[in-house]
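A short write-up of the structure that comes next.
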Amino acid sequence: MAFDIDIGFATLAGRKASNEDFCAAMLPEPGQEGMGSIVAIADGVSTGGMGKEAAQTSVTSLVRDYYGTPETWDTTVALDRIIAAQNAWLAGINRRRYPVLGLTTLTALVLRGQSYTLAHVGDSRCYLLRAGEITQLTHDHVVNHPDFKHQLLRALGAEDHLVVDYMQGDLHVGDVFVLLSDGVHGQLRERQLAVLAGLPNAQEASQQLVEAALAGGSTDNVSAMVVRVLGLLEATLQDVNRMAQALPIPPRLKVGDVIDGLCVTAPVADNGINLLYQVRAMAPAPGNVSSPPPGGALARSAGKLYALKTLSPARANDQDERAMLAHEAWLARHMRSLRAADNLVNIHDDPPGGQARSAFYLLYDWHAGQTWQQMLDLKRKFSPQQAVNGAMQALKALGRLHRQGVIHRDIKPSNLHQGDDGVLRVLDLGVALTGREPESMRQLHAGTPNYVNPEQWGYNRRRQSGGGNGGSGPDDAHELPDAQSDLFALGVTLYQMLTGKLPYGEVLPYQVGRYYRDPTPPSRHNPEIPIWLDHVVLKAVARDKRNRFETAEEFLLALERGASRPLTAAHPTPLLQRDPTALWKVALALSALFNLLLIYWLLFLPK
C-alpha cells in the first residue's frame with residue numbers, strides 16, 4: 001500500500017495577469033510503493049518572461065522522473081540527479097539568450113518509509129507543523145537586505161553548477177507539511193500559518209492559505225500545498241541506515257547491565273565484529289515510559305527473554321559495519337510479512353514497554369532449543385532419518401528465502417536452530433545478499449570456509465567456455481554467491497550431520513579450500529546410511545557446480561522420494577578434471593625414471 005496521506009493544493013494568479021507558480025504531487029504506481037510519494041512547488045521568475053515554463057517543466061520532470069530512478073538509490077541521490085539535469089537544460093537555454101528567460105525556485109518533498117527528504121532552491125518555503133508547533137525547514141536564498149529581499153541568490157537555470165539544500169528527518173503520524181510560494185509566506189505570520197495548516201482537511205487548508213494571503217494584500221502569485229501524514233509504511237533501508245549512523249554503539253555489556261529497560265542475563269557470542277547477548281525485559285518504573293503500549297502489553301513483556309545483537313565497541317566508527325548491521329535489521333523486518341518469516345527469528349522495531357532507543361542494536365525474540373552445532377559438540381548421534389528430516393525443514397526455509405531473492409551466504413550448523421517448539425529457524429542474516437546491501441558487503445568474501453562452495457574460492461571450469469585450462473585450480477575469477485552456494489553449504493552440513501566429518505576436510509583460517517578429490521561416500525563413514533542417501537549427499541556437495549542441485553525444491557524432492565526413486569550414482573571426476581597438471585606430472589615422472597635408468601646404464605652396465 002502507498003502512504004496514508006491527505007494532499008491538498010491551491011494556486012492563483014492573484015493580482016497578476018499570469019500565474020507563474022506551479023505545483024504537483026504524485027503517488028507511486030503499484031509495485032513502486034517503496035519509492036514513497038513526492039510533492040513539489042516552484043515559483044517562476046517573471047524577469048525574462050519564461051518563468052512559468054521553467055516552473056512547469058522543473059516540477060513536472062521531477063515528480064515524473066523520480067519514479068524512474070532505481071529504488072536502491074538514496075532519495076537525496078535520486079533528487080539531485082534529476083534536479084541537476086533540469087538545471088543543466090535550463091542553463092544551456094539561458095546561455096544562448098539575453099536577457100535570461102527561464103529561472104525558477106523549487107522546493108520538493110519526498111515521504112518514504114518513515115522519513116522525509118526535502119530538496120530546496122530559492123525562496124519558496126516548506127514548514128513542518130508537529131504537535132501544534134510550526135517550524136520553517138528551508139532557508140531563503142535571497143539577498144539579506146530589506147530592499148532586495150526578492151532578489152534570488154540561487155535559482156534553477158541561473159548557473160551551470162547548482163547547489164541544492166537537502167534535509168532529512170523522521171516522520172510522525174499527524175505531521176503536516178506546508179509548501180508555499182513567497183506570495184503566501186510573505187504575507188502570513190507563522191502563527192496564522194499554524195492555525196490554517198492545522199485544519200482537518202488538506203484541500204481546505206490550502207485554499208484558506210492562499211485566500212488569507214490575498215486578503216492580507218499579497219500582490220504576487222499565491223500557491224500552497226498541504227500534506228498531512230495519516231499513517232506510515234514500514235521503515236525503509238535508508239531509514240534504518242540513517243538510524244544506524246546516528247545512534248551510538250552500546251559499550252561492552254556485562255551480566256546485570258541494563259539498556260533501554262533490558263537487563264543482560266548472559267553473553268552469548270563474540271566474533272570480534274558483533275556481540276550477542278541474552279537479555280530480559282524489566283518492568284519499567286512508574287512514569288518512566290514515553291508512550292505505553294496498549295492493553296496489557298507492558299505487563300506481558302516484563303520478564304520475556306530476547307537476543308540483543310550489536311557491534312563490538314572497537315567497530316563503533318566503522319561505517320561499513322554499521323551499514324551491514326542496518327541491512328540485516330531492514331531485511332529481518334522486510335521478511336516479517338512473508339512466508340519465509342516462519343523459519344526466521346522475529347525482530348522488534350523498538351524495545352519492549354515503550355522505552356526509547358538510546359543506542360543502535362537489533363532485538364530478536366529468544367527461542368529455547370539448540371543449534372545443530374551445539375548438538376554436534378555434545379557428540380549427539382543423528383540417525384539418517386533425523387538428519388534428513390532436519391535438512392528437509394532447512395530446504396523449505398531456504399526455498400522461501402531464495403524466492404524472495406535473498407541469498408543467506410552463511411549456512412552452517414551453528415546458524416540452524418532447532419527450537420523446543422519443533423520449528424527449525426535460520427539464524428544470522430548479517431551477510432545475506434538482497435541486491436540492496438552495501439557494495440563493500442557484496443564484495444566481501446563472506447561465509448565460513450568449511451562450507452564455501454568451490455566457485456567462491458576461484459575453482460572455475462574454463463572448459464565450459466572452451467578455454468584452455470579445463471581443470472579446477474584456484475584463480476582470481478571468484479564467482480559471487482547464488483542460491484546454489486546456500487545449497488552446497490547445506491549439503492556439507494548434511495554430510496557432517498550424517499558422518500561427523502567434512503566432505504573436503506577442514507579449512508583453517510586464512511587457508512583456501514581444497515577440492516582436488518571427490519568426497520568419500522557418507523556410507524563409508526556410517527554404514528547405517530542407505531545408498532540412495534549417499535547419492536543425494538554426493539550430488540549436493542559435488543565439485544562441479546553443474547552436477548549439483550540447482551534449486552532448493554529439487555534438493556527437497558530428492559530427499560522426499562528417497563529410495564522410491566533414487567538418484568543415479570555420480571561418475572567419479574576424471575583425474576585430468578580434478579588436477580589439470582596431472583598429465584604433466586606423469587610425463588615428468590616418466591622422464592625422471594628414464595633419466596635414472598640412463599644414468600644407471602652409463603655408470604654400471606658393461607660397455
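From N389, atom CG reaches atom CD of Q385 across 4.5 Å, with rounding to the nearest 0.5 Å. For the atom pair NZ of K396 and CG of D342, the computed distance is 11.5 Å after rounding to the nearest 0.5 Å. Distance check: I407 CD1 to L401 CG gives 8.5 Å after rounding to the nearest 0.5 Å. Rounding to the nearest 0.5 Å places CH2 of W330 at 9.0 Å from CE of M335. A distance of 7.0 Å separates CD1 of I273 from CE of M324, quoted to the nearest 0.5 Å. With rounding to the nearest 0.5 Å, the separation of CG in L490 from CD in Q496 is 11.5 Å.
Checking side-chain atoms of R130 against main-chain N and O of D175 turns up no donor-acceptor pair under 3.5 Å. Distance alone, capped at 3.5 Å, is enough to place a donor-acceptor pair between the E437 side chain and the G435 backbone. Here the side chain of Q278 pairs no donor or acceptor atom with the backbone of L305 at under 3.5 angstrom. No donor-acceptor distance shorter than 3.5 angstrom exists from the side chain of T448 to the backbone of Y451, with no hydrogens or angles considered. The backbone N or O of D80 sits less than 3.5 Å from a side-chain atom of Y166, completing a donor-acceptor pair. Between the side chain of Y277 and the backbone N or O of C263, no donor-acceptor pair lies under 3.5 Å. The closest donor-acceptor contact from the side chain of S523 to the backbone of N526 lies at 3.5 Å or more, if one exists at all. Under a 3.5 Å cut-off, the side chain of D534 and the backbone N or O of P521 do not form any donor-acceptor pair.
A563 and W532 get closest at one heavy-atom pair: CB-CD1, 3.6 Å. Annotation for I411 and A489: closest pair O-CB, 3.4 Å, computed over non-hydrogen atoms. Across all non-hydrogen atoms, the minimal contact from G447 to V452 is C-CG2, 4.2 Å. Minimum interatomic distance between L237 and A326 (heavy atoms only, all atoms of both residues): CD1-O, 4.1 Å. Scanning both residues, F555 and L494, for their nearest heavy atoms gives CZ-CD2, 4.4 Å. Taking every heavy atom of both residues into account, A359 and L247 meet most closely at O-CD1, 3.6 Å.
We find that R242 and D170 are joined by a salt bridge, their nearest charged nitrogen and carboxylate oxygen being less than 4.0 Å apart. Comment: D349 does not engage R357 in a salt bridge, judged by the lack of any side-chain N to carboxylate O separation of less than 4.0 angstrom. Salt-bridge formation is detected for the pair D410/K412: a Lys NZ or Arg NE/NH1/NH2 atom is positioned less than 4.0 Å from an Asp or Glu carboxylate oxygen. Taking a cutoff of 4.0 Å between a charged side-chain nitrogen and a carboxylate oxygen, D365 and K304 qualify as a salt bridge. The pair R548-E455 meets the salt-bridge criterion, since a charged nitrogen lies less than 4.0 angstrom from a carboxylate oxygen.
At a threshold of 4.5 Å between non-hydrogen side-chain atoms, the residues L429 and H408 count as touching. No side-chain heavy atom of V110 sits under 4.5 Å from any side-chain heavy atom of Y116. For the pair L498 and P384, the minimum side-chain heavy-atom distance is below 4.5 Å. No side-chain heavy atom of S485 sits under 4.5 Å from any side-chain heavy atom of R409. Counting heavy atoms from C-beta outward, Q370 and H417 have side chains that stay 4.5 Å or more apart. Taking the side chain as every heavy atom from C-beta outward, R81 and V77 approach each other to under 4.5 Å. Proximity of Q393 to Q418: side-chain heavy atoms (C-beta onward) are separated by under 4.5 Å at one or more points.
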Would you list the atom pairs, donor with acceptor, under 3.5 Å between side chains in residues 308-316 and any protein atom, with sequence neighbours excluded?
from: K309; atom 1: NZ; to: E328; atom 2: OE1; distance (Å): 2.9
from: K309; atom 1: NZ; to: E328; atom 2: OE2; distance (Å): 3.2
from: K309; atom 1: NZ; to: D428; atom 2: OD1; distance (Å): 3.2
from: T310; atom 1: OG1; to: F360; atom 2: O; distance (Å): 3.0
from: S312; atom 1: OG; to: A314; atom 2: N; distance (Å): 3.4

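Residue-environment remark: CZ (R524) stays at or below the threshold of 12 foreign heavy atoms within 6.0 Å. Within 6.0 Å of atom CG in D421, more than 12 heavy atoms from other residues, nucleotides or ligands are found, so the atom counts as buried in its surroundings.
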Check against side chain to side chain donor-acceptor pair (under 3.5 Å), R280 and T265: CA-CA 7 Å; R280 186 184 301 276; T265 56; 5.6 Å; no
Candidate pair R333 and D239, rule salt bridge (Lys or Arg N to Asp or Glu O under 4.0 Å), full reasoning: CA-CA 12 Å; R333 292 172 183 175; D239 294 331; over 6 Å; no
Test side chain to side chain donor-acceptor pair (under 3.5 Å) applied to T434 and H327, step by step: CA-CA 9 Å; T434 62; H327 177 264; 2.8 Å; yes
From CA spacing to verdict: side chain to side chain donor-acceptor pair (under 3.5 Å), S115, Q168: CA-CA 7 Å; S115 64; Q168 290 184 308; 5.6 Å; no
Steps toward side chain to side chain donor-acceptor pair (under 3.5 Å) verdict (N241, Q238): CA-CA 5 Å; N241 194 45; Q238 287 87 353; over 6 Å; no
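Residue pairs meeting the side-chain hydrogen bond (donor to acceptor under 3.5 Å, both in side chains) criterion with at least one partner in residues 251-263, sequence neighbours excluded, are R252-D270, D260-S358, D260-Y361.
Aromatic ring pairs are classed by plane angle as parallel below 30°, tilted from 30° to 60° and perpendicular above 60°; the pair F488 and Y504 is parallel. By the 30° and 60° cut-offs, the orientation of the rings of H525 relative to Y495 is perpendicular.
If you look at Y306 and H348, their ring centroids are closer than 6.0 Å.
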